[in-house]
Amino acid sequence: MDLTIDRSSQMDRSLRDGARRELREAAVRPMLQKPGPGYRLLVVALGAVVALGLVAFVDQCVKGLSVDDYSNAAFWDVNISNFITIVGVAYGGAVISAVLRLTGAGWRAPLTRIAEGVSVVAVLVGGACIIPSLGRPERIWEFFTRPNFSSPLIWDALAIATYGFASVVFFYLPLIPDLVVAKQTMGDRAGRLRTALWRALSRGWEGSPAQHRLLGRMTGFLAILIIPLAVTVHSVLGWAFAITSFRPWWSEELWAPLFVIAALYSGIALVILSLAALRHTYHLQNYITDRHFKLLGFILAPFGATYLYMSVADFLPGAYHGEPGTAAVFRQLFVGAYAPWFWIFVVGGIIVPLLIIALPQTRRVGWIVFAAALILPTFWLNRVLMVIVPATYDMMNATFGVYSWTWVNASITAGAMAAVPLLILLLFRFVPILSVTEIEQLEAEQLETEQLKAARLEAVQLEIAQLEAVQLDGSEGRVPLGALQEEVR
Amino acid sequence: MSRYFPRGPRSLCYRALELALVVAAPLLAVGLCSSPAAFASSPMIGMTQESSSVTGVTHSASTAATAPSVLTLSVAARPHDPTDLTLVSHLQSSSDNGGKSVAFFVVSTQFKQPEDVPIGTAKTAADGTASVSYKPTWSGKEQFVAKLTSPGAQVPAATAYYRVTASTPGPLYAAANPARPLSFIGHIFLGVVLTIVALIWLGLIIMLVAAVGWMPRLAGGGIGRRDK
C-alpha cells in the first residue's frame, strides 16, 4: 500500500508559500514598519527616564551613597531590590523557552524568540543594577582580579556573568538561520547596518542538514545547561542574604528555592506582558494566539501556588518560634508600618492572579495580561520589603531605622525599570521578532504528521470498503473488520 | 574679669603662688594621710608604684578590709609575651592563708554597664598567693578583680588595672564554636566549583566559535543556498 505524502498539490503549495511569505513578513515587521509617533514618543519617554537614572547614578558616584539614603540604619537599599527583581525576571524567558524546547511543545515556536530576547535584556539590565549599590563602581573589575571566594558577592558576580553569557548564546544560536531569512525577506530594505550585522552573525549559514544538525545539538545542550545555571543564579542570591550578618528573616533556609520560584513566576509574567505588547503593536495575532496566553497562564499558576505555599512555610515557623528580630520584622510586615504594602503584594501578586487563572470566566487574554501586570510591580514591592525591613532593624535596640526615597534612588529605580522595555523595543528593530525557521520546521513536521495520518486513514478506509465488499459477496466468513474500524476511530 | 584680676608684676606673683598651691595640695594631702590601708586603697598611687617594676604600664591596687585580712592583686605580662598575662593575688591574714579559693574577673564594658566576666579560680598557696593566666581579647586599659570565695570570707575584692598592649581577639568565639563539618573540603570544593564554571565558559565559547567559524564548513545544498 502506498502511503507516500502527496506534496505535488498545486493549491496546497501555493497556500503554503503564501503562509510562509506572510510569516516571514510578520517576523521582520518591526524593522519593515516605519516607527509611528506613538512608538517614537514611547522610546523617547523611556530613554529620558533611563537618562535620568544615569544622571542620578553619576550624582551618587560624586556625592556618595548617602544621597541614596544609605546609612547605619539602612545598609542595603532599593538598588538591591531592583537587582534581584530584574535578574529574576530574566530567568522566566530563558527557562520557559528551554523547558518548552526540551519537552518538544509544538506551540512554543512563536514565543521563543521574544522570551529569549526578554531574558537577555533583563539579565544585562539586572546585572548592571548591582553597580549603584557598590559605592565604588570604578573598582568592579577587582571582583575578578582580586576575588574573595569567601564572599557571596563574588559568587553572585560569577553566576550572573555565566548565566548572562549563556543567555546571549542561547538567544544567538537559534537566531542564525532567521538572520538569513530576514536578509532574504527584507533585501535592500534592511539597510546597510542591519545587512552588515546579519552577514557577520550568520556567516556561512546555508541551512544544510549538517548545519541544522549541529545547531540543533548546540541549542539542545544549551537548553539543558540554562536551567541549572538559572537555578544557581537565584540560589546564590538567596544565600547572599542568608549569610549576611545574621539579619532577622534573611537567614532562612527557604530563601534560595523561594527566589527561584519567584524568579520563574515573575519572569513568566514579564514574558506574557512582552508578548501581549509586541503582539498588539506588530499585529502578530495569527502567530501569538489566545491559546498561547492561556497555556502560559497554566504554567504561571503552579508557580504562584508554590510561592504562596513556600511563603507560608517561611513565615509560619518563624512567627511561631518568635525569635526577637524575626518576630519584630514579621510584626512590621503583618500589622506594622509596612503592612499595607505587604498585603498589597499578597493579594495583588499571588491571590488575584491565581484566581484569574483558576476561574474559567477570567481565563482570557485581557485578564491574564492584567494578572501579569499585577505580578511584576508587586513582586518588586515584595523584594523591597525583603531587603529594607530586615536591613533597617537595629539589633542592639530592637528598633527600626528609617529609610526613605530620595530623587537619586527613585530615579535609578525608574531608569532600571524603563531600560528593560526600551531595550526590548530596540532589540527587535535589529532581529526578527519570530523564530521563523523553528515555526516553519514545526509546521512542516505537523503537516507531515497530519498528512501521514490522513494517508493512513484513507488506506484503512479503503481496506474496510474492500473487506465489506468481500463480506457482502459471502466468499469469506471471518474478517477482522472490527479491528480496522477501531483503527479508523 | 580684668577688674578683679589686676595686671602687672604683683598679679604675676599672685598667680605663681596660686599655681604652687594647686600643685602642692594633693602632695600635702597624701603626706598628711597616716593610714597605710588608706594609702593602698588609692589605685592611682598603687599603679604608679607597680609601673616601675612591671613593663611600665602595670597598675595594681588592693582594697583593704578591716585589719588584719587584706587581699591584693597584681597583673603582669609574661616576659616576651605581652598577650599572656598572669594575675597574682596575695592574701594576708592572721589565720592560715593556704587553701583559700580566689576567683578572678575582668571587668567588661561591652554591655550596658560594667560587668565582671569570670577568668578562673585558683587556690591560695601557704603564703597566701594564688594566680591564673589570662589572654586578653581587647587592647587598652582593663580592670581586673580578685575575690575571695571561700565560705565565711569577709575580705573585700581587690582591683588592679593593666594597660593591655597586645591582645588575641576571638579565641573565646573560636573555642565556643566547634569545627564545621566538611570544612576540610573547602579548598577542594572551591576548585571543583571553579573548574565547573570554567568548563561552562569554555563550552559556551566553543559553541560561539563553532557557530561562527565551523558553520561555513558544513554548508552545502541547504535551504539558504537554494533560496538565494
Side-chain angles (χ1 to χ4, degrees), chain A residues 20 24 147-150 154-155 157-159 161-170 172-181 183-185 200-215 217-222 224-226 228-229 232 236 396-397 436-437 440-441 444, chain B residues 108-115 117 137-138 169-170 172-228:
Chain A
R20 191 174 157 196
R24 291 178 174 212
N148 172 14
F149 290 112
S150 59
I154 183 68
W155 295 107
L158 262 181
T162 309
Y163 175 62
F165 186 32
S167 297
V168 171
V169 180
F170 191 50
Y172 166 62
L173 290 181
L175 189 67
I176 295 173
D178 289 345
L179 294 179
V180 176
V181 169
K183 206 158 56 183
Q184 290 164 359
T185 310
L201 292 177
S202 63
R203 190 172 151 263
W205 178 264
E206 290 186 355
S208 71
Q211 286 181 328
H212 273 292
R213 217 169 21 250
L214 177 67
L215 196 64
R217 276 184 194 159
M218 290 197 297
T219 313
F221 175 73
L222 261 179
I224 295 169
L225 183 68
I226 206 104
L229 269 182
T232 313
V236 170
M396 295 296 280
N397 300 324
V436 180
T437 315
E440 286 176 352
Q441 271 177 357
Chain B
S108 171
T109 53
Q110 301 301 314
F111 306 101
K112 281 184 180 172
Q113 53 203 18
E115 283 189 26
V117 178
T137 53
W138 295 88
L172 289 174
Y173 179 81
N177 285 272
R180 294 175 188 191
L182 304 177
S183 58
F184 64 93
I185 63 163
H187 289 290
I188 302 167
F189 181 69
L190 179 68
V192 169
V193 172
L194 286 177
T195 308
I196 292 170
V197 173
L199 285 175
I200 291 171
W201 276 83
L202 189 66
L204 293 171
I205 291 167
I206 288 172
M207 278 189 210
L208 274 183
V209 170
V212 178
W214 199 8
M215 211 59 98
R217 294 185 195 175
L218 299 174
I223 297 162
R225 177 172 285 178
R226 195 180 63 217
D227 286 356
K228 278 175 191 170

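Values below: all heavy atoms of this structure, side chains included; hydrogens, waters and symmetry mates excluded.
Legend: side chain to side chain donor-acceptor pair (under 3.5 Å) pairs involving residues 200-213 of chain B, not counting sequence neighbours, sorted by first then second residue: T162(A)-W201(B).
Counting heavy atoms from C-beta outward, V193(B) and L158(A) have side chains that stay 4.5 Å or more apart. Between L208(B) and L173(A), the closest side-chain pair of non-hydrogen atoms is not below 4.5 Å.
Summarising the local packing, CZ of F189(B) is surrounded by 12 or fewer heavy atoms from other residues, nucleotides or ligands at distances under 6.0 Å.
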Scan the side chains in residues 210-218 of chain B for donor-acceptor partners under 3.5 Å anywhere in the protein, sequence neighbours excluded, and list what turns up.
none

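One distance of note links CG of L215(A) with CE of M207(B); it measures 10.5 Å at 0.5 Å rounding. Here the CG atom belonging to L229(A) is positioned 4.5 Å from the CD1 atom belonging to I200(B), to the nearest 0.5 angstrom. Atom-to-atom distance recorded for F221(A):CZ and L204(B):CG is 7.5 Å, nearest 0.5 angstrom.
Both the backbone and the side chain of I205(B) come within less than 4.5 Å of a heavy atom of chain A. With a threshold of 4.5 angstrom between heavy atoms, Y172(A) approaches chain B through side-chain atoms but not through N, CA, C or O. There is no contact between A159(A) and chain B, counting heavy-atom distances below 4.5 Å. Heavy atoms of L201(A) lying under 4.5 Å from chain B are absent altogether.
Between chain B and the options P177(A), A161(A), S202(A), heavy-atom pairs under 4.5 Å are most frequent for A161(A).
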